[in-house]
2 protein chains.
Amino acid sequence: MMQSIIATIDVVLLTIQDDRLCVVLSKRDKEPYANLDALPGGYIHAEEDRDSLDAAVRILQQKTSLIPPYLEQLRTFAGASRDPRGWSISVVYFALVNNDLIISSQQPGLTICPVDELRRLPFDHNEIIETAVDRIRNKSQYSSLPCYLAGETFTLPRLQKIYEACLGEGLNKVSFRRKMDELGVLEEIPGQTESGGAHRPAQVYGLKSEFKNQLKLLERGL
Amino acid sequence: MMQSIIATIDVVLLTIQDDRLCVVLSKRDKEPYANLDALPGGYIHAEEDRDSLDAAVRILQQKTSLIPPYLEQLRTFAGASRDPRGWSISVVYFALVNNDLIISSQQPGLTICPVDELRRLPFDHNEIIETAVDRIRNKSQYSSLPCYLAGETFTLPRLQKIYEACLGEGLNKVSFRRKMDELGVLEEIPGQTESGGAHRPAQVYGLKSEFKNQLKLLERGL
DNA sequence: TAAATTAGTTACAAATTGCAACTAACAAAA
DNA sequence: TTTTGTTAGTTGCAATTTGTAACTAATTTA
(Lines give C-alpha, C1' and ligand atoms only; values in the text may rest on other atoms or scores of the structure.)
Protein backbone atom coordinates (compact mmCIF):
# COMPACT_ATOMS: atom_id res chain seq x y z
CA MET A 1 0.00 0.00 0.00
CA MET A 2 1.13 3.50 -0.71
CA GLN A 3 1.84 5.66 2.27
CA SER A 4 0.43 9.15 1.84
CA ILE A 5 2.74 11.98 0.85
CA ILE A 6 2.35 15.52 2.16
CA ALA A 7 2.10 18.13 -0.61
CA THR A 8 3.04 21.68 0.29
CA ILE A 9 4.19 24.97 -1.17
CA ASP A 10 6.84 27.29 0.27
CA VAL A 11 7.79 30.71 -0.99
CA VAL A 12 11.15 32.44 -0.75
CA LEU A 13 10.17 36.08 -0.83
CA LEU A 14 13.21 38.27 -1.36
CA THR A 15 13.54 42.00 -0.97
CA ILE A 16 16.17 44.69 -0.54
CA GLN A 17 16.55 46.47 2.76
CA ASP A 18 19.42 48.87 3.50
CA ASP A 19 21.07 47.78 0.25
CA ARG A 20 21.12 44.16 1.38
CA LEU A 21 19.37 41.11 0.02
CA CYS A 22 16.82 39.95 2.59
CA VAL A 23 14.28 37.16 2.94
CA VAL A 24 10.82 37.55 4.40
CA LEU A 25 10.00 35.06 7.14
CA SER A 26 6.61 34.41 8.67
CA LYS A 27 5.91 33.23 12.19
CA ARG A 28 4.33 29.77 12.01
CA ASP A 29 0.91 29.57 13.63
CA LYS A 30 0.65 25.78 13.64
CA GLU A 31 2.70 22.74 14.55
CA PRO A 32 5.27 21.61 13.68
CA TYR A 33 7.58 24.43 14.74
CA ALA A 34 4.69 26.66 15.88
CA ASN A 35 5.78 30.23 16.71
CA LEU A 36 9.09 29.89 14.92
CA ASP A 37 10.00 32.01 11.91
CA ALA A 38 10.09 30.08 8.65
CA LEU A 39 9.36 30.50 4.96
CA PRO A 40 5.71 31.30 4.30
CA GLY A 41 4.13 28.06 3.20
CA GLY A 42 1.10 25.83 3.34
CA TYR A 43 -0.68 22.81 1.98
CA ILE A 44 -1.77 22.53 -1.61
CA HIS A 45 -5.58 22.56 -1.68
CA ALA A 46 -6.56 20.20 -4.46
CA GLU A 47 -10.13 21.49 -4.53
CA GLU A 48 -9.21 25.14 -4.62
CA ASP A 49 -5.88 25.41 -6.47
CA ARG A 50 -5.85 24.60 -10.17
CA ASP A 51 -2.08 24.24 -10.25
CA SER A 52 0.97 24.86 -8.09
CA LEU A 53 1.38 28.49 -9.19
CA ASP A 54 -2.21 29.14 -8.10
CA ALA A 55 -1.40 27.59 -4.76
CA ALA A 56 1.74 29.71 -4.36
CA VAL A 57 -0.17 32.92 -5.10
CA ARG A 58 -2.92 31.97 -2.66
CA ILE A 59 -0.52 31.03 0.13
CA LEU A 60 1.63 34.11 -0.35
CA GLN A 61 -1.47 36.27 -0.30
CA GLN A 62 -2.69 34.63 2.91
CA LYS A 63 0.62 34.83 4.72
CA THR A 64 1.83 38.23 3.54
CA SER A 65 -1.11 39.99 1.82
CA LEU A 66 1.23 40.59 -1.10
CA ILE A 67 0.99 39.93 -4.82
CA PRO A 68 4.60 40.22 -5.90
CA PRO A 69 5.63 41.57 -9.30
CA TYR A 70 7.80 38.50 -9.88
CA LEU A 71 7.08 34.89 -9.02
CA GLU A 72 8.67 31.78 -10.50
CA GLN A 73 9.18 28.21 -9.47
CA LEU A 74 12.52 27.65 -7.75
CA ARG A 75 12.80 23.91 -7.20
CA THR A 76 11.08 21.10 -5.38
CA PHE A 77 12.41 19.76 -2.12
CA ALA A 78 11.09 16.32 -1.35
CA GLY A 79 12.03 13.47 0.92
CA ALA A 80 11.38 11.38 3.97
CA SER A 81 13.26 13.39 6.56
CA ARG A 82 12.68 17.07 5.82
CA ASP A 83 9.35 17.27 7.65
CA PRO A 84 8.58 15.48 10.95
CA ARG A 85 5.08 14.68 9.68
CA GLY A 86 6.48 12.25 7.11
CA TRP A 87 7.44 11.98 3.46
CA SER A 88 6.80 15.43 2.05
CA ILE A 89 7.03 17.37 -1.19
CA SER A 90 7.47 21.11 -1.10
CA VAL A 91 7.23 22.88 -4.43
CA VAL A 92 9.16 26.05 -3.70
CA TYR A 93 8.51 29.37 -5.40
CA PHE A 94 10.76 32.34 -5.53
CA ALA A 95 9.29 35.87 -5.39
CA LEU A 96 10.66 39.38 -5.52
CA VAL A 97 9.01 42.43 -4.06
CA ASN A 98 9.94 45.98 -3.21
CA ASN A 99 10.52 46.50 0.49
CA ASP A 100 8.05 49.39 0.81
CA LEU A 101 5.20 47.08 -0.19
CA ILE A 102 6.04 44.74 2.67
CA ILE A 103 6.20 47.55 5.18
CA SER A 104 2.91 49.03 4.01
CA SER A 105 1.18 45.65 4.10
CA GLN A 106 1.23 45.82 7.90
CA GLN A 107 0.91 42.04 8.01
CA PRO A 108 1.63 40.77 11.54
CA GLY A 109 4.22 38.04 12.10
CA LEU A 110 6.57 38.98 9.27
CA THR A 111 10.32 39.40 9.76
CA ILE A 112 12.75 40.72 7.17
CA CYS A 113 16.19 39.19 7.57
CA PRO A 114 19.40 39.61 5.54
CA VAL A 115 20.16 36.36 3.77
CA ASP A 116 23.69 36.28 5.12
CA GLU A 117 22.59 36.66 8.74
CA LEU A 118 20.05 33.88 9.01
CA ARG A 119 19.95 31.70 12.06
CA ARG A 120 18.95 28.03 11.93
CA LEU A 121 15.46 27.73 10.46
CA PRO A 122 12.88 24.92 10.64
CA PHE A 123 12.72 22.13 8.03
CA ASP A 124 15.30 22.47 5.25
CA HIS A 125 14.52 26.16 4.88
CA ASN A 126 18.15 27.28 5.16
CA GLU A 127 19.06 25.09 2.20
CA ILE A 128 16.04 26.35 0.27
CA ILE A 129 17.04 29.97 0.82
CA GLU A 130 20.59 29.21 -0.26
CA THR A 131 19.22 27.75 -3.48
CA ALA A 132 17.13 30.88 -4.02
CA VAL A 133 20.12 33.14 -3.44
CA ASP A 134 22.16 31.10 -5.92
CA ARG A 135 19.36 31.49 -8.42
CA ILE A 136 19.06 35.26 -8.04
CA ARG A 137 22.87 35.64 -8.18
CA ASN A 138 22.96 33.71 -11.40
CA LYS A 139 19.96 35.32 -13.06
CA SER A 140 20.89 38.86 -12.08
CA GLN A 141 24.04 38.46 -14.12
CA TYR A 142 22.24 38.45 -17.43
CA SER A 143 18.69 39.70 -16.91
CA SER A 144 16.40 42.46 -15.72
CA LEU A 145 15.39 40.38 -12.68
CA PRO A 146 16.61 42.82 -9.99
CA CYS A 147 14.38 45.53 -11.45
CA TYR A 148 11.44 43.82 -9.75
CA LEU A 149 13.01 44.66 -6.41
CA ALA A 150 13.21 48.36 -7.20
CA GLY A 151 9.58 49.45 -6.97
CA GLU A 152 7.67 51.59 -9.45
CA THR A 153 10.33 54.25 -9.93
CA PHE A 154 14.01 54.45 -9.11
CA THR A 155 17.27 56.09 -10.11
CA LEU A 156 20.14 54.33 -11.85
CA PRO A 157 22.49 54.64 -8.85
CA ARG A 158 19.74 53.01 -6.73
CA LEU A 159 19.24 50.22 -9.29
CA GLN A 160 22.98 49.63 -9.36
CA LYS A 161 23.00 49.17 -5.57
CA ILE A 162 20.19 46.63 -5.98
CA TYR A 163 22.08 44.71 -8.65
CA GLU A 164 25.14 44.76 -6.42
CA ALA A 165 23.15 43.42 -3.47
CA CYS A 166 21.76 40.63 -5.66
CA LEU A 167 25.14 39.73 -7.09
CA GLY A 168 27.07 40.18 -3.88
CA GLU A 169 29.75 42.27 -5.58
CA GLY A 170 30.44 45.83 -6.70
CA LEU A 171 29.89 46.85 -10.32
CA ASN A 172 31.54 49.39 -12.56
CA LYS A 173 29.31 52.41 -13.09
CA VAL A 174 29.98 52.84 -16.81
CA SER A 175 29.59 49.14 -17.59
CA PHE A 176 26.41 48.92 -15.55
CA ARG A 177 24.83 51.84 -17.38
CA ARG A 178 25.87 50.46 -20.74
CA LYS A 179 24.21 47.14 -19.89
CA MET A 180 21.02 48.78 -18.68
CA ASP A 181 20.95 50.70 -21.93
CA GLU A 182 21.48 47.47 -23.88
CA LEU A 183 18.73 45.70 -21.87
CA GLY A 184 16.33 48.41 -22.92
CA VAL A 185 13.73 47.77 -20.24
CA LEU A 186 13.92 51.19 -18.59
CA GLU A 187 12.19 54.39 -19.50
CA GLU A 188 13.14 57.83 -18.30
CA ILE A 189 10.39 59.65 -16.45
CA PRO A 190 10.72 63.08 -18.02
CA GLY A 191 11.47 65.93 -15.70
CA GLN A 192 11.53 63.76 -12.62
CA THR A 193 14.73 63.67 -10.61
CA GLU A 194 15.69 62.70 -7.11
CA SER A 195 18.41 64.26 -5.01
CA GLY A 196 19.64 62.46 -1.94
CA GLY A 197 21.75 65.31 -0.63
CA ALA A 198 24.06 68.17 -1.49
CA HIS A 199 24.88 67.04 -5.02
CA ARG A 200 23.55 66.62 -8.52
CA PRO A 201 20.14 64.91 -8.53
CA ALA A 202 19.61 61.65 -10.40
CA GLN A 203 17.17 60.99 -13.23
CA VAL A 204 14.20 58.84 -12.24
CA TYR A 205 13.28 55.77 -14.34
CA GLY A 206 10.55 53.17 -14.42
CA LEU A 207 10.13 49.79 -16.10
CA LYS A 208 8.65 50.01 -19.60
CA SER A 209 5.15 48.57 -19.37
CA GLU A 210 5.93 45.70 -21.76
CA PHE A 211 8.59 44.47 -19.32
CA LYS A 212 6.52 44.63 -16.13
CA ASN A 213 5.59 40.99 -16.63
CA GLN A 214 8.37 39.91 -18.93
CA LEU A 215 11.97 39.30 -18.03
CA LYS A 216 14.54 40.57 -20.54
CA LEU A 217 17.79 38.68 -21.05
CA LEU A 218 21.22 39.86 -22.15
CA GLU A 219 23.30 37.95 -24.70
CA ARG A 220 26.44 38.52 -22.67
CA GLY A 221 26.16 39.08 -18.91
CA LEU A 222 27.28 42.17 -17.02
CA MET B 1 -11.06 17.01 4.08
CA MET B 2 -8.02 16.93 1.89
CA GLN B 3 -8.34 15.09 -1.37
CA SER B 4 -5.31 12.93 -2.06
CA ILE B 5 -2.66 14.14 -4.45
CA ILE B 6 -0.76 11.83 -6.79
CA ALA B 7 3.03 12.11 -6.43
CA THR B 8 5.11 11.03 -9.41
CA ILE B 9 8.49 11.43 -11.05
CA ASP B 10 9.16 11.84 -14.75
CA VAL B 11 12.55 11.94 -16.45
CA VAL B 12 13.50 13.73 -19.64
CA LEU B 13 16.41 11.65 -20.88
CA LEU B 14 18.22 13.42 -23.67
CA THR B 15 20.80 12.07 -26.07
CA ILE B 16 22.40 12.85 -29.42
CA GLN B 17 21.61 10.72 -32.45
CA ASP B 18 22.77 11.63 -35.97
CA ASP B 19 23.93 15.01 -34.63
CA ARG B 20 20.44 15.81 -33.39
CA LEU B 21 19.11 16.33 -29.90
CA CYS B 22 16.74 13.47 -29.08
CA VAL B 23 14.55 12.41 -26.20
CA VAL B 24 14.13 8.85 -25.00
CA LEU B 25 10.52 7.72 -24.71
CA SER B 26 9.25 4.57 -23.05
CA LYS B 27 6.14 2.64 -23.97
CA ARG B 28 3.70 2.84 -21.03
CA ASP B 29 2.75 -0.57 -19.66
CA LYS B 30 -0.14 0.66 -17.51
CA GLU B 31 -3.19 2.90 -17.74
CA PRO B 32 -3.66 5.75 -18.30
CA TYR B 33 -2.33 5.88 -21.86
CA ALA B 34 -1.17 2.25 -21.80
CA ASN B 35 0.95 1.29 -24.82
CA LEU B 36 1.63 4.90 -25.79
CA ASP B 37 5.12 6.38 -25.81
CA ALA B 38 5.74 8.87 -23.00
CA LEU B 39 8.46 10.10 -20.71
CA PRO B 40 9.73 7.35 -18.40
CA GLY B 41 8.06 7.94 -15.06
CA GLY B 42 6.46 6.38 -12.05
CA TYR B 43 5.13 6.85 -8.56
CA ILE B 44 7.28 8.01 -5.70
CA HIS B 45 7.58 5.13 -3.24
CA ALA B 46 7.60 6.71 0.19
CA GLU B 47 8.88 3.53 1.85
CA GLU B 48 11.66 2.93 -0.61
CA ASP B 49 12.84 6.36 -1.85
CA ARG B 50 14.60 8.62 0.63
CA ASP B 51 14.13 11.67 -1.54
CA SER B 52 13.04 12.64 -5.04
CA LEU B 53 16.49 12.17 -6.57
CA ASP B 54 16.51 8.61 -5.22
CA ALA B 55 13.15 8.05 -6.81
CA ALA B 56 14.33 9.45 -10.15
CA VAL B 57 17.36 7.17 -10.19
CA ARG B 58 15.25 4.15 -9.32
CA ILE B 59 12.59 4.87 -11.94
CA LEU B 60 15.11 5.59 -14.64
CA GLN B 61 16.94 2.40 -13.81
CA GLN B 62 13.71 0.40 -13.97
CA LYS B 63 12.50 1.90 -17.23
CA THR B 64 15.78 2.18 -19.12
CA SER B 65 18.41 0.17 -17.18
CA LEU B 66 20.60 3.27 -17.36
CA ILE B 67 22.49 5.28 -14.78
CA PRO B 68 23.18 8.49 -16.63
CA PRO B 69 26.33 10.58 -16.10
CA TYR B 70 24.21 13.68 -15.57
CA LEU B 71 20.93 14.03 -13.69
CA GLU B 72 19.41 17.20 -12.24
CA GLN B 73 15.99 18.38 -11.28
CA LEU B 74 14.24 20.25 -14.09
CA ARG B 75 11.01 21.57 -12.61
CA THR B 76 7.80 20.35 -11.07
CA PHE B 77 4.60 20.17 -13.05
CA ALA B 78 1.54 20.06 -10.85
CA GLY B 79 -2.15 20.67 -11.22
CA ALA B 80 -5.67 19.35 -11.43
CA SER B 81 -5.90 18.68 -15.14
CA ARG B 82 -2.58 17.25 -16.29
CA ASP B 83 -3.39 13.66 -15.29
CA PRO B 84 -6.82 12.02 -15.71
CA ARG B 85 -6.39 10.31 -12.34
CA GLY B 86 -6.71 13.64 -10.52
CA TRP B 87 -4.62 16.38 -8.92
CA SER B 88 -1.04 15.33 -9.53
CA ILE B 89 2.49 16.46 -8.88
CA SER B 90 5.29 15.35 -11.17
CA VAL B 91 8.79 16.25 -10.06
CA VAL B 92 10.64 16.16 -13.37
CA TYR B 93 14.30 15.30 -13.73
CA PHE B 94 16.52 15.97 -16.65
CA ALA B 95 19.22 13.47 -17.64
CA LEU B 96 21.90 13.24 -20.30
CA VAL B 97 23.41 10.09 -21.66
CA ASN B 98 25.51 8.99 -24.59
CA ASN B 99 23.52 7.31 -27.31
CA ASP B 100 25.67 4.17 -27.41
CA LEU B 101 24.73 3.38 -23.81
CA ILE B 102 21.05 3.40 -24.72
CA ILE B 103 21.59 1.15 -27.70
CA SER B 104 23.68 -1.31 -25.73
CA SER B 105 21.14 -1.41 -22.88
CA GLN B 106 18.83 -3.43 -25.15
CA GLN B 107 15.89 -2.32 -23.01
CA PRO B 108 12.60 -3.12 -24.79
CA GLY B 109 9.99 -0.40 -25.33
CA LEU B 110 12.36 2.51 -25.77
CA THR B 111 12.14 4.97 -28.65
CA ILE B 112 14.65 7.69 -29.45
CA CYS B 113 13.00 10.67 -31.08
CA PRO B 114 14.42 14.04 -32.22
CA VAL B 115 13.01 16.78 -30.01
CA ASP B 116 11.85 18.80 -32.98
CA GLU B 117 9.89 15.93 -34.51
CA LEU B 118 7.77 14.87 -31.58
CA ARG B 119 4.15 14.03 -32.09
CA ARG B 120 1.50 14.72 -29.46
CA LEU B 121 2.43 12.93 -26.23
CA PRO B 122 0.33 11.92 -23.21
CA PHE B 123 -0.12 14.20 -20.19
CA ASP B 124 1.77 17.51 -20.46
CA HIS B 125 4.88 15.71 -21.68
CA ASN B 126 5.31 17.93 -24.74
CA GLU B 127 5.48 20.99 -22.52
CA ILE B 128 7.87 19.23 -20.18
CA ILE B 129 10.23 18.34 -23.02
CA GLU B 130 10.11 21.92 -24.28
CA THR B 131 11.15 23.08 -20.84
CA ALA B 132 14.02 20.60 -20.83
CA VAL B 133 15.18 21.73 -24.26
CA ASP B 134 15.08 25.36 -23.11
CA ARG B 135 17.17 24.37 -20.12
CA ILE B 136 19.82 22.52 -22.11
CA ARG B 137 19.96 25.36 -24.68
CA ASN B 138 20.52 27.85 -21.94
CA LYS B 139 23.02 25.84 -19.93
CA SER B 140 25.04 24.70 -22.94
CA GLN B 141 25.82 28.33 -23.62
CA TYR B 142 28.07 28.70 -20.61
CA SER B 143 28.93 25.25 -19.28
CA SER B 144 30.43 21.84 -19.91
CA LEU B 145 26.96 20.25 -19.86
CA PRO B 146 27.01 18.84 -23.43
CA CYS B 147 30.18 16.88 -22.60
CA TYR B 148 27.96 14.41 -20.76
CA LEU B 149 26.35 13.52 -24.08
CA ALA B 150 29.67 12.70 -25.70
CA GLY B 151 30.59 9.41 -24.07
CA GLU B 152 33.96 8.46 -22.60
CA THR B 153 36.12 9.74 -25.43
CA PHE B 154 35.50 12.03 -28.38
CA THR B 155 37.17 14.42 -30.79
CA LEU B 156 36.74 18.20 -30.75
CA PRO B 157 34.87 18.29 -34.07
CA ARG B 158 32.47 15.72 -32.64
CA LEU B 159 32.02 17.71 -29.43
CA GLN B 160 31.36 20.82 -31.47
CA LYS B 161 28.56 19.01 -33.34
CA ILE B 162 27.08 18.04 -29.97
CA TYR B 163 27.21 21.61 -28.69
CA GLU B 164 25.60 22.76 -31.93
CA ALA B 165 22.82 20.19 -31.59
CA CYS B 166 22.20 21.33 -28.00
CA LEU B 167 22.20 25.00 -28.90
CA GLY B 168 20.33 24.63 -32.16
CA GLU B 169 22.84 26.79 -34.03
CA GLY B 170 26.23 26.57 -35.71
CA LEU B 171 29.37 27.66 -33.90
CA ASN B 172 32.63 29.15 -35.08
CA LYS B 173 35.41 26.57 -34.94
CA VAL B 174 38.09 28.87 -33.55
CA SER B 175 35.80 30.37 -30.91
CA PHE B 176 34.54 26.97 -29.88
CA ARG B 177 38.05 25.62 -29.40
CA ARG B 178 39.09 28.71 -27.46
CA LYS B 179 36.14 28.24 -25.12
CA MET B 180 36.83 24.55 -24.60
CA ASP B 181 40.38 25.48 -23.76
CA GLU B 182 39.14 28.13 -21.30
CA LEU B 183 36.69 25.65 -19.72
CA GLY B 184 39.61 23.35 -19.01
CA VAL B 185 37.56 20.19 -18.51
CA LEU B 186 39.11 18.19 -21.35
CA GLU B 187 42.26 16.15 -21.42
CA GLU B 188 44.04 14.96 -24.49
CA ILE B 189 44.45 11.21 -24.73
CA PRO B 190 48.06 11.01 -25.89
CA GLY B 191 48.67 9.33 -29.18
CA GLN B 192 45.02 8.52 -29.76
CA THR B 193 43.43 9.91 -32.88
CA GLU B 194 40.36 9.14 -34.92
CA SER B 195 39.99 9.51 -38.64
CA GLY B 196 36.54 9.46 -40.17
CA GLY B 197 37.70 9.29 -43.75
CA ALA B 198 40.23 10.43 -46.29
CA HIS B 199 41.61 13.34 -44.31
CA ARG B 200 43.66 14.36 -41.30
CA PRO B 201 42.64 12.42 -38.18
CA ALA B 202 41.42 14.28 -35.08
CA GLN B 203 42.91 14.17 -31.60
CA VAL B 204 40.85 12.19 -29.09
CA TYR B 205 39.91 13.74 -25.72
CA GLY B 206 38.18 12.68 -22.52
CA LEU B 207 36.70 14.52 -19.54
CA LYS B 208 39.23 15.15 -16.78
CA SER B 209 38.22 12.90 -13.89
CA GLU B 210 37.53 15.84 -11.56
CA PHE B 211 34.81 17.03 -13.96
CA LYS B 212 33.04 13.72 -14.49
CA ASN B 213 30.63 14.62 -11.69
CA GLN B 214 31.12 18.36 -11.63
CA LEU B 215 29.81 20.87 -14.12
CA LYS B 216 32.21 23.66 -15.05
CA LEU B 217 30.86 27.13 -15.86
CA LEU B 218 32.24 29.88 -18.07
CA GLU B 219 32.27 33.52 -16.99
CA ARG B 220 31.19 34.64 -20.44
CA GLY B 221 29.22 32.27 -22.65
CA LEU B 222 30.34 30.94 -25.99
C1' DT C 1 31.02 82.50 -4.72
C1' DA C 2 33.63 78.49 -3.52
C1' DA C 3 33.73 73.76 -1.79
C1' DA C 4 32.00 69.27 -1.49
C1' DT C 5 29.59 65.56 -3.29
C1' DT C 6 27.22 62.53 -6.31
C1' DA C 7 25.32 62.03 -11.35
C1' DG C 8 26.42 61.19 -15.69
C1' DT C 9 29.65 61.28 -19.98
C1' DT C 10 33.83 60.81 -22.72
C1' DA C 11 37.94 59.02 -24.45
C1' DC C 12 40.90 55.46 -24.73
C1' DA C 13 43.34 51.20 -23.41
C1' DA C 14 42.78 46.30 -22.76
C1' DA C 15 40.55 42.16 -23.54
C1' DT C 16 37.55 39.26 -26.20
C1' DT C 17 35.46 37.57 -30.30
C1' DG C 18 34.70 36.49 -35.23
C1' DC C 19 36.61 35.70 -39.63
C1' DA C 20 39.54 34.46 -43.39
C1' DA C 21 43.28 32.42 -44.74
C1' DC C 22 46.67 29.54 -43.65
C1' DT C 23 49.29 24.85 -42.63
C1' DA C 24 48.88 19.71 -41.40
C1' DA C 25 47.68 15.05 -42.08
C1' DC C 26 45.50 11.62 -43.99
C1' DA C 27 43.20 8.44 -48.05
C1' DA C 28 42.11 7.75 -52.59
C1' DA C 29 42.73 8.60 -57.33
C1' DA C 30 45.73 9.38 -61.11
C1' DT D 1 54.88 8.38 -56.53
C1' DT D 2 52.46 12.38 -57.08
C1' DT D 3 48.27 14.86 -57.10
C1' DT D 4 43.75 15.87 -55.29
C1' DG D 5 40.23 16.31 -52.01
C1' DT D 6 38.83 16.67 -47.47
C1' DT D 7 38.78 17.59 -42.68
C1' DA D 8 41.86 19.01 -38.46
C1' DG D 9 43.92 22.47 -36.35
C1' DT D 10 46.51 27.19 -36.10
C1' DT D 11 47.59 32.03 -37.02
C1' DG D 12 46.97 36.85 -37.64
C1' DC D 13 44.13 40.59 -37.67
C1' DA D 14 39.92 43.36 -37.71
C1' DA D 15 35.82 44.34 -35.16
C1' DT D 16 33.53 44.47 -31.03
C1' DT D 17 33.10 44.65 -26.19
C1' DT D 18 34.66 45.82 -21.62
C1' DG D 19 37.18 48.31 -17.88
C1' DT D 20 39.27 52.57 -16.24
C1' DA D 21 40.44 57.14 -15.41
C1' DA D 22 39.37 61.45 -15.95
C1' DC D 23 36.26 64.54 -17.23
C1' DT D 24 31.79 67.71 -17.00
C1' DA D 25 27.17 68.67 -14.68
C1' DA D 26 24.11 69.83 -11.09
C1' DT D 27 22.97 70.35 -6.77
C1' DT D 28 23.48 71.94 -1.40
C1' DT D 29 25.99 74.03 2.12
C1' DA D 30 29.41 77.00 3.99
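Each chain gets a letter, A, B and so on, in the order its sequence line appears, and its residues count up from 1.
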*Asks:* Return yes if some donor-acceptor pair links the side-chain N/O of B:K63 with the main-chain N/O of B:P40 below 3.5 Å, else return no.
*Replies:*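 Such a contact is absent between B:K63 side chain and B:P40 backbone.
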*Asks:* Which residue lies toward the 5' end of DNA chain D, A:N172 or B:P157, if each is placed at its nearest nucleotide?
*Replies:*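 Per heavy-atom nearest nucleotide, the more 5' residue is B:P157.
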*Asks:* Specify the separation, in whole Å, of atom CZ of B:R177 and atom P of C:dT17.
*Replies:*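 It works out to 17 Å between those atoms.
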*Asks:* Rounded off to whole Å, could you give me the CD-to-P distance for the B:Q160 and D:dT7 pair?
*Replies:*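 The answer, rounded to whole Å, is 14 Å.
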*Asks:* For nucleotides 22-30 of chain D, read 5' to 3', which letter fits each nucleotide if B means a protein heavy atom sits under 4.0 Å from the base, S means only the sugar-phosphate is that close, and - means neither?
*Replies:* ---BBBB--
*Asks:* Rounded to whole Å, please give me the gap between CD in B:E219 and C1' in C:dA15.
*Replies:*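 That distance rounds to 14 Å.
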*Asks:* In whole angstrom, give the distance that lies between atom CG of A:L222 and atom P of D:dG19.
*Replies:*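 Taking atom P of D:dG19 as the reference, CG of A:L222 is at 9 Å.
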*Asks:* Distance alone, cut at 3.5 Å: any donor-acceptor contact between the side chains of B:N126 and B:R120?
*Replies:*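 A donor-acceptor contact under 3.5 Å links the two side chains.
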*Asks:* Can you tell me if the side-chain N/O atoms of B:R178 get under 4.0 Å from OP1 or OP2 in C:dT16?
*Replies:*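 So the side-chain polar atoms of B:R178 never come under 4.0 Å of the phosphate oxygens OP1 or OP2 of C:dT16.
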*Asks:* Respond yes when some side-chain nitrogen or oxygen of B:S175 is under 4.0 Å from OP1 or OP2 of C:dT17, and no when none is.
*Replies:*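 No, because none of the side-chain N or O atoms of B:S175 sits under 4.0 Å from OP1 or OP2 of C:dT17.
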*Asks:* How close or far is atom P of C:dG8 from atom CD of A:Q203, stated in whole angstroms?
*Replies:*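 Going from A:Q203 (CD) to C:dG8 (P), I get 7 Å.
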*Asks:* Rounded to the nearest Å, what distance is computed from the CD atom of residue B:Q141 to the C1' atom of nucleotide C:dT17?
*Replies:*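 Nearest whole value for this atom pair: 14 Å.
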*Asks:* I'd like to know if B:D37 pairs up with B:R119 as an ion pair, taking the criterion as any Lys NZ or Arg NE/NH1/NH2 lying under 4.0 Å from an Asp or Glu carboxylate oxygen.
*Replies:*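 Salt bridge between B:D37 and B:R119, a charged N being under 4.0 Å from a carboxylate O: yes.
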*Asks:* What pairs meet the ring-ring contact (aromatic ring centres under 6.0 Å, His included) rule with one or both residues in residues 149-206 of chain A, with sequence neighbours excluded?
*Replies:*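 Of all non-adjacent pairs touching residues 149-206 of chain A, those that pass ring-ring contact (aromatic ring centres under 6.0 Å, His included) are A:Y163-A:F176.
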*Asks:* Would you confirm whether A:T15, through its side chain, and A:N99, through its main-chain N or O, come within 3.5 Å as a donor-acceptor pair?
*Replies:*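 Judged by distance alone, yes, a pair lies under 3.5 Å.
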*Asks:* Which residue, A:V204 or A:R220, contacts DNA chain C at a nucleotide closer to its 5' end, judged by nearest heavy atom?
*Replies:*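 Here A:V204 is the residue nearer the 5' end.
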*Asks:* Distance check needed: D:dG19 P versus A:E182 CD, whole Å only.
*Replies:*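 Between P of D:dG19 and CD of A:E182: 12 Å.
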*Asks:* Given the rule in the side-chain contact (heavy atoms from CB on, under 4.5 Å) test, do A:L186 and A:L156 qualify, once you have shown the distances and angles that lead to the verdict?
*Replies:* CA-CA 10 Å; A:L186 302 183; A:L156 280 179; 3.7 Å; yes
*Asks:* State which residues pass ring-ring contact (aromatic ring centres under 6.0 Å, His included) with A:Y148; sequence neighbours excluded, sorted by chain then number.
*Replies:*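 ring-ring contact (aromatic ring centres under 6.0 Å, His included) check on A:Y148 returns A:Y70.
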*Asks:* May I have the distance from A:L171 (atom CG) to C:dG8 (atom P), rounded to whole angstrom?
*Replies:*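 Between P of C:dG8 and CG of A:L171: 16 Å.
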